[in-house]
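These notes concern the structure reproduced below.
Computed from heavy atoms alone, side chains included, the values below leave out hydrogens, waters and symmetry copies. Indexing begins at 1, ligand by ligand and atom by atom, following the structure's order.
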Amino acid sequence: MYPEWSERHAAVALERLWPRIAPTLELPEAEQATFEARLHQEWPRLFRLFVELYGQHYDCFYHLEQLLIETANSWSVRPAWLKQRDAKREQHPHWYLDQQALGGVLYVDRFANDLNGLRQRIPYLKELGLTYVHLMPLFDAPAGNSDGGYAVSSYRKVSPALGTMEELAILAQDLHNEGISLVVDFVFNHTSDEHLWAQRALAGDLTYQDYYFMFPDRGMPDAYEQTLREIFPSVRRGSFTWRADAQCWVWTTFNNFQWDLNYSNPEVFRAMAGELLFLANVGVEVLRLDAVAFIWKQMGTRCENLPKAHVIIQAYNALARIAAPALLFKSEAIVHPDDVVRYISLDECQISYNPTLMALLWESLATSEVRLLAHTMQHRYHLSAGCAWVNYLRCHDDIGWTFDDADAQAVGIDPYGHRRFLNNYYVGRFSGSFARGLPFQENPSTGDARISGTLASLAGLEQALLAGDERLISLALRRIVLLHGIILSAGGLPLIYLGDEVAQLNDYTYAAEPAQADDSRWVHRPKTNWEQIERRHDPSVPEGQIFSELQRLIRLRKNNPAVCGGDLQVIESGNPHLFGFIRNGGGQRLLVVANFAARQQPFESNRLRVYGPGYQFIDLVSGKTIAADRTLMVEPYQILWLTPA
Ligand code: GLC
Ligand code: GLC
């Protein structure tokens with residue numbers, strides 16, 4: 001709870017400030033009224049959060065006043081079509097929970113060369129049924145290694161190889177006209193060392209040195225490192241980088257050229273708020289908040305998931321509600337499941353990656369058992385109303401085994417040994433493994449590692465094709481469909497990594513590229529092979545088989561309310577290989593049963609009667625009718641979506 005004086009001070013401050021700011025905006029009367037209504041609604045919250053962050057700072061209120069001016073200015077130049085969209089979204093804010101909603105993610109250059117090329121590909125995005133497209137970082141970044149664009153040199157300039165900011169704005173509107181929301185990254189934990197702020201800091205400008213964490217000697221870095229986790233241990237040990245050109249150590253959680261921003265400085269908060277609102281006015285509808293866990297530092301802690309990180313995001317959320325109400329935040333917190341959920345609320349990030357489900361689906365495939373998945377989903381899947389998981393199977397990053405140790409122990413699994421097993425399994429060091437992944441960031445001190453690889457290669461298709469074994473190929477294809485069948489029926493917003501719809505395999509050519517060779521994540525970021533996509537209607541090749549199955553599942557999802565609606569209730573399947581859950585929506589009940597084993601598995605008839613939606617069902621996936629009077633035999637890696645016949 002916050003002291004009442006804060007409410008009152010907020011009101012007084014607004015009463016004093018607003019009459020001075022309003023006339024300078026020269027807004028039409030109706031627009032001014034709209035803005036004022038939102039401002040009055042959100043100002044007390046913004047005020048409270050800002051004071052919580054910077055109340056001890058000598059010029060806190062100066063910055064708050066500037067922030068208000070900047071926010072009002074941002075709204076006054078917001079394009080008309082975006083103001084219309086704001087109004088529409090305020091009426092129907094939870095569009096991402098709609099059963100039509102489907103996400104895709106791609107690299108503009110790898111998929112279509114540049115922004116103009118991408119515009120030509122909009123029909124393909126529509127053919128897939130996408131309503132949300134995340135373009136991987138497309139801003140100006142250092143040449144060579146830029147961590148795939150996650151080292152941003154300017155948030156207001158598109159990388160020249162991809163196009164211009166004007167083209168991005170046009171694309172945003174084109175996509176919007178086709179019913180597709182534009183999603184881009186907000187890489188706000190760090191900038192590249194080529195960003196103007198970093199350059200000025202290097203040149204000795206004190207103001208900009210305070211934008212980052214720069215230390216003249218090892219004193220502070222050593223003290224912080226007592227409690228920090230190493231994120232990229234194979235890049236460099238520790239979290240700081242020595243800059244000979246400025247004779248100082250700079251905080252770099254990720255690569256040496258990614259400088260962490262210092263949010264304890266209110267100027268940094270304001271400067272980044274400006275970049276955020278700028279992107280909102282280009283037409284971006286969802287900002288993927290990159291690396292949220294790391295944005296606040298405090299000596300003696302891990303400097304991950306600290307309470308003030310939440311306060312910063314909530315304050316940005318309040319700003320968005322005032323000046324760009326349609327704008328949503330997606331949290332990228334690839335951390336412990338307890339911490340992941342803390343970023344998710346209507347006041348913070350409305351949607352979030354679901355790394356726990358992602359990791360546990362792969363865990364279940366490796367073990368062919370579902371106890372950890374079922375146990376975890378039972379008590380960790382529920383979100384508060386209006387929020388949504390972004391359910392995905394893999395992304396541009398590695399896969400880490402972010403399940404909870406106590407969850408594992410509760411089902412008789414030793415978490416440490418299990419993570420080792422999973423790493424060995426997915427890099428093919430375990431005999432009998434179907435997967436062809438690569439290790440990422442193996443830590444020599446802790447033995448930790450994460451996994452790289454495309455969906456198809458991790459699911460066994462690469463190995464099966466090499467062996468030329470039809471049975472193995474068919475099993476791999478089934479695994480791919482099974483995984484998609486889960487994320488398409490589990491609620492939330494499913495997200496497809498473009499290329500996975502045609503079963504793209506690992507691309508090992510990165511090893512010959514000096515800027516990529518040290519980063520195995522490039523193995524799963526291949527260039528789109530459009531010839532492969534051309535084969536998507538050929539039923540005799542994996543591309544065609546996967547594409548048509550996915551198309552079918554997507555169509556079923558879009559046409560059956562239960563697939564999207566209501567909560568998800570995990571059932572006791574009575575078989576360690578079968579994962580099952582119930583969904584209710586639009587008056588329809590759906591029972592999903594998924595077999596994670598390579599052998600047929602029985603699902604008892606009495607359970608069918610308890611959980612099933614009646615006595616006779618249709619399996620939407622196969623179109624077959626099933627009766628509850630006998631044991632259901634579930635084929636290897638089969639997934640059933642059962643609705644009443
Ligand atoms: C996020 C990105 C990842 C990047 C890191 C640093 O986790 O997904 O690719 O390396 O942030 O920006
Ligand atoms: C760590 C971070 C995550 C990032 C990843 C990149 O796991 O927690 O944010 O995506 O590293 O590899």
Side-chain angles (χ1 to χ4, degrees), residues 103 105-110 134-142 144-155 159 183-195 198 212 228-236 239 241 250-261 263 272 275 286-297 303-305 309 313 329-336 339-340 343 349 351-356 358-359 390 392-400 402 438 440-441 449-454 495 497 510 515-516 518-525:
V105 49
L106 58 92
Y107 285 91
V108 173
D109 56 342
R110 312 210 128 222
H134 171 200
L135 305 183
M136 295 295 295
L138 38 69
F139 300 102
D140 201 22
N145 187 358
S146 65
D147 190 18
Y150 281 97
V152 175
S153 302
S154 167
Y155 299 89
S159 158
V183 186
V184 305
D185 282 87
F186 190 50
V187 185
F188 72 131
N189 175 68
H190 44 264
T191 72
S192 89
D193 60 354
E194 292 181 9
H195 193 287
Y212 301 97
L228 292 180
R229 173 169 78 108
E230 296 178 276
I231 304 300
F232 281 177
S234 70
V235 165
R236 159 216 67 228
S239 299
T241 301
V250 183
W251 197 315
T252 54
T253 297
F254 296 91
N255 288 287
N256 295 342
F257 50 83
Q258 290 166 297
W259 288 18
D260 288 49
L261 284 164
Y263 279 92
M272 289 305 282
E275 306 312 78
V286 180
L287 282 176
R288 170 193 182 277
L289 299 191
D290 181 60
V292 288
F294 302 94
I295 60 174
W296 193 266
K297 333 282 191 202
C303 299
E304 283 185 49
N305 307 305
I313 301 168
F329 294 157
K330 171 168 70 161
S331 160
E332 191 251 348
I334 313 303
V335 289
H336 187 279
D339 291 313
V340 174
Y343 294 92
C349 297
I351 62 178
S352 163
Y353 283 103
N354 189 349
T356 315
M358 186 272 293
V390 174
Y392 66 117
L393 299 170
R394 62 91 158 203
C395 65
H396 68 290
D397 278 331
D398 45 288
I399 299 176
T402 60
L438 295 178
F440 177 67
Q441 297 295 334
R450 280 120 59 192
I451 300 296
S452 295
T454 67
L495 176 65
Y497 190 99
Y510 80 96
Q516 302 177 348
D518 291 336
D519 187 336
S520 71
R521 290 175 298 174
W522 288 102
V523 84
H524 57 241
R525 304 168 179 174

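- Contacts between Phe232 and ligand 1, counted as non-hydrogen atom pairs separated by less than 4.0 Å, involve the side chain only.
- Shown in contact with Phe254 at under 4.0 Å from a heavy atom are these atoms of ligand 1, numbered in order with element: 5 (C), 6 (C).
- A salt bridge is absent between Asp109 and Arg525; no separation between the charged side-chain nitrogens and carboxylate oxygens falls under 4.0 Å.
- Residues satisfying the salt bridge (Lys or Arg N to Asp or Glu O under 4.0 Å) criterion with Asp518, sequence neighbours excluded, are absent altogether.
- The CG atom of Leu289 sits 9.0 Å away from the CG atom of Asp185 when rounded to the nearest 0.5 Å.
- With sequence neighbours excluded, no residue forms a ring-ring contact (aromatic ring centres under 6.0 Å, His included) with Phe329.
- A centroid separation of less than 6.0 Å is found between the aromatic rings of Tyr150 and His396.
- Within the 4.0 Å heavy-atom criterion, the part of Arg288 lying near ligand 1 is the side chain and not the backbone.
- For ligand 1 and Gln258, the ligand atoms under 4.0 Å from any heavy atom of the residue are 6 (C), 12 (O).
- Distances below 4.0 Å separate heavy atoms of His396 from the following atoms of ligand 1: 2 (C), 3 (C), 8 (O), 9 (O).
- For atom 10 (O) of ligand 1, the candidate residues are Asp519, Asp147, Ile231; the nearest heavy-atom contact is made by Asp147.
- The ligand atoms of ligand 1 that sit less than 4.0 angstrom from a heavy atom of His190 are 6 (C), 12 (O).
- Note that CH2 of Trp259 is 13.5 Å distant from NE2 of His190, once rounded to the nearest 0.5 Å.
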